[in-house]
Amino acid sequence: MTDQTDQTDQTDHADQTGWTNGTGWTNGTGWTDGTDGTGGRGEHPRQPMQPPQTLDLVPAAVTPEPELEPEPELELELEPELEPEPEPEPEPEPRPLGELRRWPRSFADRLTAPLPGVRAMARLAREGAIRPSPEGLRAIPDLPFAPGPLPAATLDAPAVTWAGHASWIVRIGGLTVLTDPVWSRRILGIPPRITPVGVCWEDLPPIDAVVISHNHYDHLDAPTLKRLPRDTALFVPAGLGRWFRRRRFHRVTELDWWEAAEYQGVRFDFVPAHHWSRRGLTDTCRSLWGGWILRDQRRHTLYFAGDTGYGHWFKEIGRRYAGIDLALLPIGAYAPRWWLRDVHADPEEAVQAFSDLGARRMAPMHWAAFVLSAEPVLEPLTRVRAAWERAGHPRENLWDLPVGASRILTET
């Protein structure tokens, strides 16, 4: 069986390749199997085919063709692909004025940094670095203070007057708006003012609205607010409305971050800040904190930052509210940095926040009124001017106003 199988395999192979098992050429190649070569048909015998000759595959010498100089490649100037601009964030629909709302018991989940613990408090007490040195206080007489008359209110050009600290008189869209009004000489827990309020209360025009950034005593001053009529329109952070209603204010609108309300043609948008809230021993973060965007019907836009550290929120605010004409930004109460970095921007961070916002002008605030921290009293101004120059911003766009001074927002 084995021999037959092997012979059959070899025969099949010969039929396919033309070679037999030692018998010569096969029928398909010109050699016969012992016949006369006519295949039995009486035809002339075929001439046997010669075995294939070996070809000389050595190539002959070839004269190389002359090399041609490559043609210069045509450089096509392609226009760079432009990334599509992100669609602007739709403005939130204004909420009803004076709406009564239910809020969570705590807003601690909005913190962007943990609050100081026992160890930090002990370190602060041990180092005692909570007030400037005597040398740092000597410049108090040099603090800029130049009160003047309030500019006339017009619909064409908003105007701002710095009353000191975070208190501004904003004239926009025909309204007079106060921000974090503090007209008191003293506030709980800190020394008296080191500069007077820039505008006497009696010289103020009728106040149409007030915005509050958060409930700390240097921003929410009960004695000042008692001077206001109880029908004044108040725009406050979420969770703070009850404080005002207990004092018989009845036109209080509470807003969460990224919410808005509209009053007599002016939009009030509440935006995030890197801060916190507390007024007593048991109400930490029970109400929200933030800043305000004010925009009139002619799209004049002012940003009041309130009290804030530096962080990611500034770029997001600038993205959602493109074209901010004036940013009122805090530059003081920042030392020591290990203690205050998360909640108070220093001058360099304030200039960076201005850039993140994409704003056109910046007005510094939150300095030169109260001694809240350890930096020398005049240092915030000198550092913000230096940071502004290093950043290459036009000098005329830094509105470093004296306390009591005003500026009108023109189109240029």
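We number each residue from 1, following the sequence as shown.
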(request) Would you mind checking if Arg299 and Glu91 are paired as a salt bridge, meaning a charged N to carboxylate O distance below 4.0 Å? (result) yes
(request) For this output row, return yes or no: ring centroids of Phe354 and His393 closer than 6.0 angstrom. (result) yes
(message) If you take the centroid of each ring, where Trp contributes its six-membered ring, are His216 and Trp289 closer together than 6.0 Å?
(response) no
(request) Measure the CD1-CD1 distance between Ile130 and Ile190 for me, rounded to the nearest 0.5 Å. (result) 11.5 Å
(message) Between Arg267 and Asp269 (salt bridge meaning N to carboxylate O under 4.0 Å), is one present in this structure?
(response) yes
(message) Is the distance from the ring center of Phe270 to that of Trp258 below 6.0 Å?
(response) no
(message) Under 6.0 Å between ring centres: does that hold for His366 and His219?
(response) yes
(request) Would you give the length of the straight line joining atom CG of Leu409 to atom CD1 of Ile172, rounded to the nearest 0.5 angstrom? (result) 8.5 Å
(message) One thing to verify: whether Asp400 and Arg385 come together as a salt bridge, which I'm taking to mean a side-chain N less than 4.0 angstrom from a carboxylate O.
(response) yes
(request) Supply the atom-to-atom distance Arg279 CZ to Ser287 OG, rounded to the nearest 0.5 angstrom. (result) 9.5 Å
(request) Go through Asp180 and Ser213 one step at a time and tell me if the side chain to side chain donor-acceptor pair (under 3.5 Å) criterion holds. (result) CA-CA 7 Å; Asp180 288 359; Ser213 64; 2.6 Å; yes
(message) Less than 4.0 angstrom from a charged side-chain N to a carboxylate O is my criterion; do Glu254 and Arg102 meet it?
(response) no
(message) Any carboxylate oxygen within less than 4.0 angstrom of a Lys/Arg side-chain nitrogen, looking at Glu259 and Arg101?
(response) yes
(message) What's the separation between atom CZ in Arg230 and atom CZ in Arg248, rounded to the nearest 0.5 Å?
(response) 8.5 Å
(request) Report the distance from atom CD1 of Ile169 to atom CD1 of Ile207, rounding to the nearest 0.5 Å. (result) 7.0 Å
(message) My understanding is that only residues two or more places apart in sequence, or in another chain, count here; which of them pass side chain to side chain donor-acceptor pair (under 3.5 Å) with Thr284?
(response) none
(message) Looking at every non-hydrogen atom in both residues, tell me the closest pair between Trp367 and Gly332 and how far apart they are.
(response) CB-CA, 4.1 Å
(request) Find out whether the Lys NZ or Arg CZ of Arg247 is both under 6.0 angstrom from the six-membered ring centre of Trp243 and within 45° of the ring's axis. (result) yes
(request) State, without any angle test, whether Glu375 and Ser373 hold a side-chain donor-acceptor pair at a distance under 3.5 Å. (result) yes
(request) Working to the nearest 0.5 Å, report the span between NE2 of His275 and CG of Leu111. (result) 10.5 Å
(message) Tell me whether Arg286 forms a cation-pi arrangement with Trp103, defined as NZ or CZ under 6.0 Å from the six-membered ring centre and within 45 degrees of its axis.
(response) no
(request) Hey, could you give me each pair passing side chain to side chain donor-acceptor pair (under 3.5 Å) that has a residue in residues 187-208? Not counting sequence neighbours. (result) none
(request) Answer yes or no: is there an ion pair linking Arg95 with Asp256, defined by an N-O contact shorter than 4.0 Å? (result) no
(request) Would you mind checking if Arg337 and Asp346 are paired as a salt bridge, meaning a charged N to carboxylate O distance below 4.0 Å? (result) yes
(request) Would you confirm whether the ring centroid of His165 sits within less than 6.0 angstrom of the ring centroid of Phe370? (result) yes
